[in-house]
Engineer: 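Shown below is the structure under consideration.
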Amino acid sequence: MTVKKFLLTFNPEIAGEPITYRMVKDFDLMVNILRAEIDEHGGRLMLALEGSGPQIQKAVRYLEDSGVNVQELKEFIRKDDTRCTNCGMCISICPSSAYQMDRKTWKVLFLNEKCIACGMCIDACPPGAIRLRTQD
Ligand code: SF4
Ligand code: SF4
């Protein structure tokens, strides 16, 4: 089983399409919606797809054929260690425990694989050491 995160951007014409329903039914994938923003201009949906690699590929092809812009989120957050003061604010705010204090060095570590791309840590970091990163 593979888990991949994606950012889907779509226009108002297809905003009403039952995308998550089709992911589950037609492609046998588990869908976890991480973030959704929909308005009259369209929408952005951040989700995690869990299933076999080929099924995820087929689902992505279906989305693209339907007019959805699909961007894989290999890395959502970038922590700049040169700016980080190890204050620990991100540890207390992150809902998925993607930040942890290294008890030997007392430095805050970022564990990318735990990040669910909620974005809450970005504004919470006092020195602005956490940035959004959606591309390699
Ligand atoms: S909130 Fe920012 S400065 Fe504080 S530990 Fe986290 S990344 Fe470092
Ligand atoms: S984006 Fe959300 S889940 Fe990811 S590290 Fe920041 S607070 Fe944690």
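Just so it is clear, the values below take in all heavy atoms, side chains as well, and ignore hydrogens, waters and symmetry mates. Heads up: numbering here begins at 1 and tracks the sequence.
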Engineer: Which atoms form the tightest heavy-atom contact between Ile91 and Val108, and what is the distance?
Structural biologist: CD1-CG2, 3.9 Å
Engineer: Counting C-beta onward and ignoring hydrogens, is there a side-chain heavy-atom pair between Phe10 and Val70 closer than 4.5 Å?
Structural biologist: no
Engineer: I need the minimum non-hydrogen distance between Met101 and Asn86, along with the two atoms involved.
Structural biologist: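 The answer is CE-O, 4.2 Å.
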Engineer: For residues Asp26 and Tyr62, determine if any side-chain heavy atom of one lies less than 4.5 Å from a side-chain heavy atom of the other.
Structural biologist: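 A side-chain contact is absent here, since even the closest heavy-atom pair is not under 4.5 Å.
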Engineer: Would you please name every residue forming a salt bridge (Lys or Arg N to Asp or Glu O under 4.0 Å) with Glu37, sequence neighbours left out?
Structural biologist: Arg44
Engineer: Side chain to side chain contact (heavy atoms under 4.5 Å, CB included) with Ser97: which residues, sequence neighbours excluded?
Structural biologist: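 Side chain to side chain contact (heavy atoms under 4.5 Å, CB included) check on Ser97 returns Lys114.
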Engineer: Arg78: what forms a salt bridge (Lys or Arg N to Asp or Glu O under 4.0 Å) with it, not counting sequence neighbours?
Structural biologist: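 In terms of salt bridge (Lys or Arg N to Asp or Glu O under 4.0 Å), with neighbours along the sequence ignored, Arg78 is linked to Glu75.
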Engineer: I want to check something: taking the side chain as every heavy atom from C-beta on, are Leu8 and Leu47 in contact at a cut-off of under 4.5 Å?
Structural biologist: yes
Engineer: Taking Lys107's backbone N and O only, do any of them form a donor-acceptor pair with Thr105's side chain (distance below 3.5 Å, no angle check)?
Structural biologist: yes
Engineer: Just jot down the salt bridge (Lys or Arg N to Asp or Glu O under 4.0 Å) partners of Asp81, sequence neighbours excluded, or say none.
Structural biologist: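 Result, salt bridge (Lys or Arg N to Asp or Glu O under 4.0 Å) vs Asp81: Lys79.
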Engineer: Are side-chain heavy atoms of Phe6 and Val60 found at a separation under 4.5 Å?
Structural biologist: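 Yes, close enough: below the 4.5 Å cut-off.
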Engineer: Looking at residues at least two apart in the chain, or sitting in another chain, which of them share a salt bridge (Lys or Arg N to Asp or Glu O under 4.0 Å) with Asp28?
Structural biologist: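 Per chain and number, Asp28 pairs via salt bridge (Lys or Arg N to Asp or Glu O under 4.0 Å) with no residue.
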Engineer: Through direct or indirect side-chain contacts below 4.5 angstrom among Ile, Leu, Val, Met, Phe, Trp and Tyr, which residues connect to Ile93?
Structural biologist: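 Reading the cluster by chain and number, Ile93 sits alongside Met120.
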Engineer: Under the side-chain contact (heavy atoms from CB on, under 4.5 Å) rule, what do Cys121 and Phe110 come out as? Steps first, then yes or no, please.
Structural biologist: CA-CA 11 Å; Cys121 59; Phe110 172 55; over 6 Å; no
